[in-house]
Amino acid sequence: MKEMINSAVRKFSIPYEKDLNSSQFEAVIHTKGPLLVIAGAGSGKTRTLTYRVARLVEEGISPGSILLLTFTRKAAQEMLRRAAGLLDNRCENISGGTFHSFANNILRKYSRQIGLGSGFNIIDRYDSEALIGLIRKEMLSTSRQSSFPRNHTLSTIFSKALNKVLTIEDVICNDYPHFADDLDTIIAINKAYKVRKTEHYYLDYDDLLVCFKALMEEHPDLRHRISSSYEHIMVDEYQDTNQMQADILTLLASANKNIMVVGDDSQSIYAFRGANFINIMRFPELFPGARTITLEENYRSDQPILDLTNIIIERASEKYSKTLFTRRKGGVKPLLVCTSGENSQSKFIIEKIRELNQYGIPLNEIAVLFRAGYHSFDLEIELTRSDIPFKKVGGFKFVESAHIKDVLAHLKVLVNSKDRLSWQRILLLVDRIGRQTANKIFDAISSEKSGYTGLLTAKIKKQTSENLSGLKDLFGKIDSGVMSVYEMGDKVVDYYLPLLREQFDDHPKRAKDLEHLLSIMERYDSLKEFLTDMTLEPPNTSIDDSLSDNSGGDDLLVLSTIHSAKGLEWHTVFIIWALDGRFPSSHSINNPEELEEELRLMYVAATRARKSLYFTYPKEVYDRSTGMVLKRPSRFLDSINSGILGKHSFGSFNYFY
């Protein structure tokens, strides 16, 4: 067998066997029948796909009959560019792109077969939401519109149902149970939305996949023609496919069966986008006789980091077993650090960053990763105070978020009752009070010359005064001269939560943000000092939606959600809030599927580190949502032997290991 392979290799201009490790080489030369490549973190997935593209072209396969599907156009273009660099420009003629762009190209050719006449227009998310908004307005009475899901939320519900192949009822039950009473109307709006799109020859982003699948299922002759035209199909990041995409691939590969999918079940972390973990696990069932090749040699991390990540992912109940290894020697074992509190956690990280800088590690080679965007708020404040520049990826702009600004506005008038803008913001939250009335109320409060308590005695029309009863009650309970910063914030949040539920469809998530804001307030003795920090040194002073890479550019520390960090790497990685109840979240602990995904999320985070890896968690954190005190390290780390994971403490107590 080896002689046959060597004989075959000599025909090619690229030294495949020399350039690739044995598993990569096996994947590259497998050209007949279905193939599943389980590519462990840092194992050269992109390199394998690139070389396989070149190999197929060198074997004489027509580039036009090779299809490469990825999740971003940039990923496809980069692979084909690299393949062309290895071989020649023939590689650039391969059909490559995203699922949606490929579906669009096919549907343009066969639009009449799907009832769209001579063509169709694709509407973007903005136009889709605008159309939903028109239907929503037509179907709802004025009084009902304020409590009904907004256009963006309805669009999200409809999209999730399509991509996960679920009913609207399933999505509402799973993700939006607080809208259960509106289910019938939501379904009616969805039906009307579909009718309007058909009437105007519109397809939205999700319709591209829906119509492509329907075309293939309802027209066997076209399915055979399309499927036969692609001798080889390759799919990147297969673990991130949704049910619709998996169904489409089964139809596409029906003629030749030469489909190669590359992915890592251990890095399936996008269920919230509709990704279906089961797809990669069931691939051998969908394609009987499929061969599975596992890439386990890691080119990123030192062995002590891999020893830990292997233990973490081994706890997954459903997986393809693999053991990552590296040929490099040396390295230091990862460290789990218990801190005396959240602020102590931030100060530990700053201390270690300065130490790393002294050893020549630049800031852009260091990343702080977290499960949720709000987990970094305290750290952001301390980094700003310490003059350590950073950029944040993922999450949202903290002090610029409406619900945070609302709460801060209530606190600002306690310090400065002449703050017209803050008064106007909080008054406009009150039912039946408009801008003109808010200005009159502010003038009346100012006339009392008694600070924020002027609201209680201001001369205001009876009906308006009744509307303000809740706000009056709030300010009547607050004594800024006696109460702590936290106590004042707690009163404001309790008052604001019902308003939050009225304003925002994602109020459960935003309520968590307010809870974390209160935890920051606990550190302050002065409300004025707290508000000053929120203005001059706010959390998240620099934010972006995504990172393309972490090389070059400004020397900035990277703060990132783990989802935004997937595919990237740094010299040193800190994973913060590795506290049971935060990571994994208390919500996921009783849901086996969600708990498994959080385990994979921890694995993805840990495999970003090349040389140094730290996990940190604050001790004894009160969780308002459950009424429990959280004090255990993450269950994903808690029982790991200290020979694999070092354990230390930082703050007001001594080392315990």
Sorted by chain and number, sequence neighbours left out, side-chain contact (heavy atoms from CB on, under 4.5 Å) with A76 holds for T70
Just by distance, do the side chain of T250 and the backbone of A246 share a donor-acceptor pair under 3.5 Å? yes
Distance alone, cut at 3.5 Å: any donor-acceptor contact between the side chains of S23 and E296? no
Say whether, by atom type as modelled, one donor and one acceptor occur between the side chain of S634 and the main chain of F583 under 3.5 angstrom. yes
Do M234 and L56 make a side-chain contact, defined as non-hydrogen atoms from C-beta onward lying under 4.5 Å apart? yes
Got a donor-acceptor contact below 3.5 angstrom from the S155 side chain to the N151 backbone? no
Ignoring hydrogens, what is the shortest heavy-atom contact between R610 and E569? Give both atom names and the distance. CD-OE2, 3.2 Å
Calculate, to the nearest 0.5 Å, the distance between atoms CG and CG belonging to D505 and L154 respectively. 7.5 Å
Which pairs pass ring pair (Phe, Tyr, Trp, His ring centres under 6.0 Å) with one or both residues in residues 66-99, sequence neighbours excluded? F71-F99
Compare every heavy atom of L559 with every heavy atom of F390, then report the nearest pair and how far apart it is. CD1-CD1, 3.6 Å
Identify each donor-acceptor pair in which a side-chain atom of residues 274-281 lies under 3.5 Å from a protein atom, sequence neighbours left out, and give them as a table.
unit_1	atom_1	unit_2	atom_2	d
N276	OD1	I278	N	3.1
N276	ND2	Q243	OE1	3.0
N279	ND2	T241	O	3.1
N279	ND2	T241	OG1	3.1
N279	ND2	N242	O	3.1

L203 and C211: which non-hydrogen atoms are nearest, and at how many Å? CD2-SG, 3.7 Å
Is the count of non-hydrogen atoms from other residues, nucleotides or ligands lying under 6.0 Å from E59 atom CD greater than 12? yes
D206 vs M244 side-chain heavy atoms within contact, under 4.5 Å: no
Side-chain heavy atoms of S612 within contact of H571, under 4.5 Å: yes
Test I366 against F574 for side-chain contact (heavy atoms from CB on, under 4.5 Å), laying out the working first. CA-CA 8 Å; I366 305 170; F574 296 89; 3.8 Å; yes
With a 6.0 Å cut-off (strictly less than), is the heavy-atom count around CD of E217, excluding the residue itself, greater than 12? yes
Under 3.5 Å, side chain of R371 to main-chain N/O of L601, donor-acceptor pair present? no
Roughly how far, to the nearest 0.5 Å, is CG of D19 from CD1 of I14? 8.0 Å
Parallel, tilted or perpendicular for F102 and F212, by the 30°/60° rule? perpendicular
Treating R150 as the side-chain partner and G133 as the backbone partner, does any N or O pair qualify as donor plus acceptor under 3.5 Å? no
Indicate yes or no: does E365 engage K611 in a salt bridge with an N to O separation below 4.0 Å. no
Write out all pairs satisfying ring pair (Phe, Tyr, Trp, His ring centres under 6.0 Å) with one or both partners inside residues 281-323, taking only residues at least two apart or from two chains. Y238-F283, F283-F287
R225: what forms a salt bridge (charged side-chain N to carboxylate O under 4.0 Å, His left out) with it, not counting sequence neighbours? none
When rounded to the nearest 0.5 angstrom, what is the spacing between NZ in K391 and CG in N364? 8.0 Å
K392 side chain vs G373 backbone, donor-acceptor pair below 3.5 Å: yes
Minimum-distance pair of heavy atoms, taken over all atoms of Q239 and K566: NE2-NZ, 3.5 Å
With a 3.5 Å distance limit and no angle check, can you tell me whether E297 reaches the backbone of R327 through a side-chain donor-acceptor pair? no
Write down the atom of A83, the atom of C91, and the distance for their closest heavy-atom approach. O-SG, 3.6 Å
Does the side chain of S13 reach to within under 4.5 Å of the side chain of L87, using non-hydrogen atoms? yes
pair Y176-T156: side-chain heavy atoms closer than 4.5 Å: yes
Could you check whether any side-chain N or O of S268 sits under 3.5 Å from a backbone N or O of D265, counting only pairs where one atom can act as donor and the other as acceptor? no
Less than 4.5 Å apart, side chain to side chain, heavy atoms only: is that true for N104 and H100? no
Go through it in stages, so that I can follow the logic: the residues are W570 and L568, the test is side-chain contact (heavy atoms from CB on, under 4.5 Å), and I'd like the CA-CA distance, side-chain angles, deciding distance and then a yes or no. CA-CA 7 Å; W570 292 269; L568 304 176; 3.7 Å; yes
Identify all side-chain donor-acceptor contacts of residues 24-39 below 3.5 Å with residues at least two apart in sequence or on another chain.
unit_1	atom_1	unit_2	atom_2	d
Q24	OE1	N21	N	3.1
Q24	NE2	S43	O	3.0
E26	OE1	R291	NH2	2.4
H30	NE2	K32	O	3.0
H30	NE2	G33	O	3.3

Working to the nearest 0.5 Å, report the span between CE of M602 and OG1 of T309. 12.5 Å
Establish, from distance only, whether the side-chain atoms of N591 and S588 form a donor-acceptor pair under 3.5 Å. no
Report yes if the side chains of L131 and K197 come closer than 4.5 Å at any heavy-atom pair, otherwise no. yes
Begin with the C-alpha distance, continue with both residues' side-chain angles, and end with the deciding distance and a verdict on side-chain contact (heavy atoms from CB on, under 4.5 Å) for I248 and M216. CA-CA 8 Å; I248 286 171; M216 299 278 279; over 6 Å; no
Which atom pair, heavy atoms only, marks the closest approach of L80 to G96? CD1-CA, 4.4 Å
Do L595 and F636 make a side-chain contact, defined as non-hydrogen atoms from C-beta onward lying under 4.5 Å apart? yes
Pairing of D264 and R600 as salt bridge, 4.0 angstrom limit: no
Could you tell me whether the side chain of N310 and the main chain of L306 form a donor-acceptor pair under 3.5 Å? yes
Donor-acceptor pair, distance only, cut-off 3.5 Å: does the side chain of N256 make one with the backbone of Y230? yes
Check each of R55, E58, R52 against Y16 using the side-chain hydrogen bond (donor to acceptor under 3.5 Å, both in side chains) test, and report the only one that passes. E58
Side-chain donor-acceptor pair under 3.5 Å between E231 and S62, yes or no? no
T607 OG1 to I313 CD1 distance, which is reported to the nearest 0.5 Å: 9.0 Å
Return the NZ to OH distance between K319 and Y603, rounded to the nearest 0.5 Å. 12.0 Å
Could you go through M79 and V53, starting from their C-alpha distance and side-chain angles, then the distance that decides it, and tell me whether this counts as side-chain contact (heavy atoms from CB on, under 4.5 Å)? CA-CA 8 Å; M79 284 186 213; V53 167; 5.8 Å; no
